[in-house]
Amino acid sequence: MQPVRPFPDGFLWGASTSSYQVEGAVAEDGRVPSIWDTYSHTPGKIDGGGTGDVACDHYHRWREDLDLMRELNLNAYRFSLAWPRLFTPGERRGFDHYDQLIDGLLERGIAPVVTLYHWDLPQALEDGGGWLNRDTVERFAEYSAACFEAFGDRVEWWLTINEPWIVGLLGYLHGLHAPGYQDDLRGEVTVFHHLLLAHGRAVQQFRASGCGGRIGLAPNLAPHYPASDDPADAEVSWASDGYVNRWFLDPVFRGSYPDDQRARYEEIVGPLDFVHDGDLETIAQPTDYLGVNYYSPRTMEAVPGDTPWPWRVVVPTDVATTGGFTDGVVRTATGTPIVPAGLTDLLARVRDDYGDVPILITENGGVFPEQIEAGGRVRDPQRTAFIHDHLAALLDAAALGVTVLGYCHWSLLDNFEWKLGYDQRFGLIRVDYDSQARIVKDSARYYGTLAAANALREAR
Ligand code: FCB
C-alpha cells in the first residue's frame, strides 16, 4: 500500500470538454455553422454516422453538469468557447450563454479554464480559406479580444489553441478531421504556422486587454522512444520529436523553428515563405503556463524511404525504454498504450529544454471497458487505475522539480469523439444518449475522493 501523497496547495482538480463535442444546440441563439457541422453531416465521414447536433445537450443541461462537478469536489472545468456562437456582429446570445456558465461555475467554487479554439472554426471562415489563409489569424485575434473583454473579469485560466498538431495532421494530411484535406503537407505546415501565429496574436490581445489571469497554449505532446538500439531508430525518434513536439515548443519558448524539421519540410514542400518577418517574435510572446494534453508516447522505428517521413510508430517490443515499458504494455480499449511514466519523462524534458514553465495537464484519459449494473452503477476499474497512475506520474514529475498546477481529465462526459463518433466513451460521467441521463462512473467517485483530500490514495 502506497502512502498518501499530497498535491501542492491550490492544485486544480478538473475535467475537460470542448464545445462541439458536448454542447449540441447547433442552430440556437445565433450560432453559425462550423467546419465540424459540415464535416459530420458529410455521409461516410463519422463512424456510426453521428453528428454534434445534439451531443450531450450540455448547452441546455450545463447546470446539472456543473452540479455533478461540484458533487465530485472538482475545482476546475476546462471547456471551450464555440467561436460560431460568438461570430455574428451584434449577436449577444452566445456571450450571454457563456456569461451564465462562467457565473454558474464561480458560484459553485469551480475555476473556469477556457479554451478559445477547440477546432470548431466558423464555416464562413473556412469558405475564405480557413487556417490556410493568414487573414483567419486576424479574425481569431479579434475574436479573442472580444472574449477577453466579455469574460476576462472572471476567468483566470485561458488557453489559446487546442492541439495544433492534430488540426494539421488529421485535417490536412490524413483527411480524418474537418476540414478534411488529404496529403497536403504544405497545407499542414501552413496551418501549423497560422495556428501558432493565432496563439501569439491572442496572447498579445490578452496583455493589451489588461485582464488579470494567465494564458498559454494547449498542445498534445508525446515523449519519444527509439524502438531498438539501432542508431537509425534513435535518429527517427529525434526527428519525429521535431515534428510533434519541437515544432510547437521551440517557436513558443525559443522564438525559432527547429532547423532539422524545417529542413525536412523544405525538402518536400519548398520554402516556408508563409513565415513572415516578425512572426516568430509574435509567436514567442511570453506565456504564463503550458497546457499539456498527454495520451501516450511514440515508440519510433526507422522506415527508410517512407513518405512523407521515414519512420513509423510501433508498439514497443523487446526494448526497455526509459519509460520502463516493453511489449506486454497495457492498452486502453482502443489500443493506446498506457504509459504513465511517459508523462513524467515528458514533463521533466519540457522543464530541462524550455525552462520551469508551470504545467497544467489539460487532457489525459482513455476508453475502457465499463460494466453497467442493474441499479445503474458503472464499474470502470481500469479508468480508476489509469487516473491513479497518471496522477502518481505527475507527482513524480513534481518531485523532480516540475511546477504542476493541476490535472484536467479527458473527459467530464462521454461525448462526440470526432471521427470516431459516440462509441468511444472517455467520460468520468456516462451519458445515455437516448435519455441524456448522466450516470457518475466509479472512476469519477474515486477521482472525487482524491480531489477532496488534495492527495493521492490507493483506490479501494
Ligand atoms: C484529443 C482532443 C479531444 C478528444 C481527445 C480524446 O486529441 O483534444 O477533443 O478528442 O483527444
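When a ligand or atom number is given, it counts from 1 through the structure's own listing order. Just so it is clear, the values below take in all heavy atoms, side chains as well, and ignore hydrogens, waters and symmetry mates.
- Near Trp410, meaning under 4.0 Å from one of its heavy atoms, ligand 1 places the atoms 3 (C), 4 (C), 5 (C), 6 (C), 9 (O).
- Nearest to atom 5 (C) of ligand 1 among the protein's heavy atoms is Tyr295 OH, 3.2 Å.
- Trp36 and His177 have their aromatic ring centers within a separation under 6.0 angstrom.
- Side chains of Ile361 and Leu347 form a contact here, defined as non-hydrogen atoms less than 4.5 Å apart.
- Nearest-residue assignment for atom 9 (O) of ligand 1 (options Lys419, Glu163, Gln21; heavy-atom criterion): Gln21.
- Aromatic rings from Trp131 and Tyr172 are positioned such that their centres are separated by 6.0 Å or more.
- Short contacts between ligand 1 and Glu417, defined as distances under 4.0 Å to a heavy atom of the residue, involve ligand atoms 4 (C), 6 (C), 10 (O).
- Between His390 and Tyr294, the two ring planes are tilted [angle within 30° to 60°].
- Taking every non-hydrogen atom of Trp418 and a distance limit under 4.0 Å, the qualifying atoms of ligand 1 come out as 3 (C), 4 (C), 9 (O), 10 (O).
- Within the structure, ligand 1 has His118 among the residues with a heavy atom less than 4.0 angstrom away.
- Separation of the Tyr265 and Trp309 ring centroids falls under the 6.0 Å cut-off.
- In this structure, Tyr39 has its ring center no closer than 6.0 Å to that of Trp119.
- Scanning all protein heavy atoms for the shortest distance to atom 2 (C) of ligand 1 gives Glu363 OE1, 3.3 Å.
- Distances below 4.0 Å separate heavy atoms of Trp119 from the following atoms of ligand 1: 2 (C), 7 (O), 8 (O).
- Contacts of Asn162 with ligand 1, taken as heavy-atom pairs under 4.0 Å, involve the side chain alone.
- With a 4.5 Å cut-off on side-chain heavy atoms, Leu221 and Phe248 do not count as touching.
- Taking every heavy atom of Phe426 and a limit of under 4.0 angstrom, the matching atoms of ligand 1 come to 6 (C).
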